[in-house]
Asks: 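The structure is given below, and queries will be raised subsequently.
Model, not experiment: these values are computed from the prediction.
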There are 2 protein chains.
Amino acid sequence: MARRSEHSQEEIKAMILSAAELIVAEQGGSALTVRKIAGQIGYTVGSIYMVFDNMADLVLHINARTLDHIATHLEQTRDCTGALGIEAFAKAYLSYARQHLNRWRLIFDYHLPEDTPIPLWYQAKIEAVFGLVEAQFAQLDRNCPEAGRKHAARTLWAGVHGVCVLSLNGTLGAVGVNDVEDSVVLLARHFIRGWMGSGPVQA
Amino acid sequence: MARRSEHSQEEIKAMILSAAELIVAEQGGSALTVRKIAGQIGYTVGSIYMVFDNMADLVLHINARTLDHIATHLEQTRDCTGALGIEAFAKAYLSYARQHLNRWRLIFDYHLPEDTPIPLWYQAKIEAVFGLVEAQFAQLDRNCPEAGRKHAARTLWAGVHGVCVLSLNGTLGAVGVNDVEDSVVLLARHFIRGWMGSGPVQA
DNA sequence: ACCTGAACACCGTTCAAGT
DNA sequence: ACCTGAACACCGTTCAAGT
């Protein structure tokens, strides 16, 4: 058997990614197995290893697509500027995480082995998302030195992410915070107010 | 075979938890298996199911101990009060996460099945940690209504947690943030400044 | 009552063998 | 060159059977 050549390697890669994303979306990251993917695309397990190094490599490619998806989602929040723009961004990030919970979770749930570094092409995807936030910060205070702005943008975004994480895994709910949207807005608003009021920015 | 009665159920439970914590600390959460635990304590796999419902139940008990551990670690930051006290808390949380990375991660990495709710005794452990942060907030502004303070404390803490998550999984590093301690302090400081300056607190 | 050990239904990954 | 299918070394969980 073998040598079917019904699909090119690129086509198979695309089929695997689509099938994998569907499984993740519908059943969560822990339900993602090579056997399930193989079954859905009509190939055997071995064929998946023709086009991906291993499961970690496959997940990384799924996550890269999700990061693109998130960036697109955030970009649609183009109407607002300044502090309100950042609040809108934060709300958009939360709404993405809610609507695509399992895909969003996979980005942070899957730890690649300690020794393997994050590939550069993947780092660029992360950078793209953070870059959007930073652009909003740039509109906020044009006098601020770039280094300080970058740091502030990344810090706030990590914070917004944290609120999303703890609310969507039930921790914040267990502790009496029911309206998460209020929380992300609260965090963004007060942080920005504090940041703007700090004059020449230090540490 | 069977009926050894060398150890009471409670003793076995304690042995399992100790062994499990060591495996997690040394090899990470993904290396935690019932077979490995059983081997280390000198019992067979089946015996673990005498004292724990399943893996999820066991992990929950490990995490409960970690939450206690975190609370103790935070409580040792008793010297500072006010805004500096909260910054010290944030630094202490980060330092705990760094020193006990694998144990800390397990709390958020292990998702219990969608339908099973968080047990009340476990919610209380989470509440205890958040409660410490809230107590620091109470010193900050005694006039603030309790609801607003609670919300602010939980929001900021989720934010601090987010900075820790993204830095310790390499995301922030990939994006140019090298001094995480600066980030947690920046988040806490600006958030508090913005919050204090907001007068009668609204959403 | 306590504990074993084998079984069951899964995993990811590899690779000789077929076309 | 492309793909299979069986094998290998693992998983969590269950449960009849032994003491």
Side-chain angles (χ1 to χ4, degrees), chain A residues 1-17 19-21 23-24 26-63 102 106 109-116, chain B residues 1-17 19-21 23-24 26-63 102 106 109-116:
Chain A
M1 45 224 67
R3 197 160 180 61
R4 315 189 330 191
S5 289
E6 292 167 9
H7 305 278
S8 72
Q9 304 277 101
E10 281 310 314
E11 283 171 329
I12 292 177
K13 207 162 182 168
M15 290 160 67
I16 291 171
L17 283 171
E21 277 172 352
I23 292 166
V24 170
E26 289 178 346
Q27 310 173 52
S30 64
L32 187 69
T33 70
V34 283
R35 283 172 170 82
K36 214 178 273 184
I37 297 168
Q40 294 227 344
I41 66 169
Y43 278 78
T44 58
V45 279
S47 62
I48 288 172
Y49 291 85
M50 297 184 340
V51 288
F52 290 105
D53 294 342
N54 47 42
M55 208 58 177
D57 185 35
L58 169 55
V59 170
L60 214 59
H61 281 83
I62 298 173
N63 288 345
N102 289 338
L106 191 66
D109 282 356
Y110 202 92
H111 306 300
L112 48 167
E114 198 68 46
D115 50 343
T116 56
Chain B
M1 44 223 60
R3 196 157 181 64
R4 314 187 337 191
S5 290
E6 292 167 9
H7 305 277
S8 70
Q9 304 277 101
E10 280 310 313
E11 282 172 328
I12 293 177
K13 208 163 182 167
M15 289 161 68
I16 291 171
L17 283 172
E21 277 172 352
I23 293 166
V24 170
E26 288 178 347
Q27 311 173 53
S30 63
L32 187 69
T33 69
V34 283
R35 283 172 169 81
K36 213 177 276 184
I37 297 168
Q40 294 227 345
I41 66 169
Y43 277 78
T44 58
V45 280
S47 63
I48 289 173
Y49 290 86
M50 295 183 344
V51 288
F52 290 105
D53 293 342
N54 46 42
M55 207 58 177
D57 185 35
L58 169 56
V59 170
L60 214 59
H61 281 83
I62 298 172
N63 288 344
N102 288 339
L106 191 66
D109 281 357
Y110 202 92
H111 305 302
L112 48 167
E114 197 68 47
D115 49 342
T116 56

Asks: The side chain of T33(B) lies closest to which of these nucleotides: dT14(D), dC2(C), dC11(D)?
Replies: dC11(D)
Asks: Distance check, rounded to the nearest 0.5 Å: E21(A) atom CD versus L32(A) atom CG?
Replies: 10.5 Å
Asks: Rounding to a whole Å, what distance do you find between Y49(A):OH and dT4(D):P?
Replies: 15 Å
Asks: Between dG5(D), dT4(C), dC2(D), which nucleotide gets closest to the side-chain atoms of T44(A)?
Replies: dG5(D)
Asks: For the side chain of R35(A), counting heavy atoms from C-beta on, which of dT13(D), dA7(D), dC11(D) is nearest?
Replies: dA7(D)
Asks: Using a heavy-atom cut-off of 4.0 Å across all strands, would you classify I12(B) as base, sugar-phosphate, or nothing?
Replies: sugar-phosphate
Asks: Could you check which residues of residues 50-57 of chain B get a heavy atom under 4.0 Å from DNA chain D? Sort them by number, please.
Replies: N54(B), M55(B)
Asks: Looking only at side-chain atoms of S47(A), point me to the closest of dT14(D), dT4(D), dC2(C).
Replies: dT4(D)
Asks: Would you kindly give the NE2-to-P distance between H7(B) and dC3(C), to the nearest whole Å?
Replies: 9 Å
Asks: Side chain to side chain donor-acceptor pair (under 3.5 Å): which pairs involve residues 48-62 of chain A, sequence neighbours left out?
Replies: D57(A)-H61(A)
Asks: Give, for atom CD1 of I37(A) and atom CE of M55(A), the distance between the pair rounded to the nearest 0.5 Å.
Replies: 4.5 Å
Asks: Give the dot-bracket string for DNA chain C, reading 5' to 3', where a pair is Watson-Crick or G-U wobble with both distances under 3.5 Å, ( ) marks pairs inside the strand, [ ] marks pairs crossing earlier ones, | marks a partner on another strand, and . marks unpaired.
Replies: ||.|||||...|||||.||
Asks: Are OP1 or OP2 of dT4(D) and a side-chain N or O of R4(A) less than 4.0 angstrom apart?
Replies: yes
Asks: Is Q9(B) close enough to dA1(C) that one of its side-chain N or O atoms is under 4.0 Å from OP1 or OP2 there?
Replies: no
Asks: Without decimals, in angstroms, what is the distance between I41(A) CD1 and dC2(D) P?
Replies: 15 Å
Asks: Can you tell me the distance, in whole Å, between the CD atom of Q27(B) and the P atom of dC11(D)?
Replies: 11 Å
Asks: Measure the distance from CD1 on I48(A) to P on dT14(C) and round it to the nearest whole Å.
Replies: 13 Å
Asks: Name all residues meeting the side chain to side chain donor-acceptor pair (under 3.5 Å) criterion together with Y110(B); count only those two or more places apart in sequence or in a different chain, and write none if there are none.
Replies: none
Asks: Rounded to the nearest angstrom, tell me the gap between atom CE in M15(A) and atom C1' in dC2(D).
Replies: 14 Å
Asks: Where do L17(B) and L58(B) land on the side-chain contact (heavy atoms from CB on, under 4.5 Å) test, with the steps shown first?
Replies: CA-CA 8 Å; L17(B) 283 172; L58(B) 169 56; 3.8 Å; yes
Asks: Might you point out which heavy atoms bring A19(A) and I41(A) nearest each other, and give the distance in Å?
Replies: CB-CG2, 3.8 Å
Asks: Kindly indicate whether the side chain of L60(B), heavy atoms from C-beta on, has any atom under 4.5 Å from the side chain of F52(B).
Replies: no
Asks: Classify the nucleic acid contact of L32(A) as base, sugar-phosphate or nothing, counting any heavy atom under 4.0 Å across all strands shown.
Replies: sugar-phosphate
Asks: Rounded off to whole Å, could you give me the CD-to-C1' distance for the E6(B) and dA1(C) pair?
Replies: 15 Å
Asks: Could you work out which one of dG12(D), dC3(D), dT4(C) sits closest to the side chain of Y43(A)?
Replies: dC3(D)
Asks: On DNA chain C, nearest-nucleotide positions of S8(B) versus A31(A): which is more 5'?
Replies: S8(B)
Asks: Given atom CD1 of I37(A) and atom P of dT13(C), what is their separation to the nearest angstrom?
Replies: 11 Å
Asks: Would you list the pairs meeting side chain to side chain donor-acceptor pair (under 3.5 Å) in which at least one residue belongs to residues 6-15 of chain A, sequence neighbours left out?
Replies: none
Asks: Measure the CD1-CE distance between I48(B) and M15(B) for me, rounded to the nearest 0.5 Å.
Replies: 10.5 Å
Asks: Could I get the full list of side chain to side chain donor-acceptor pair (under 3.5 Å) partners for Q27(B), not counting sequence neighbours?
Replies: K36(B)
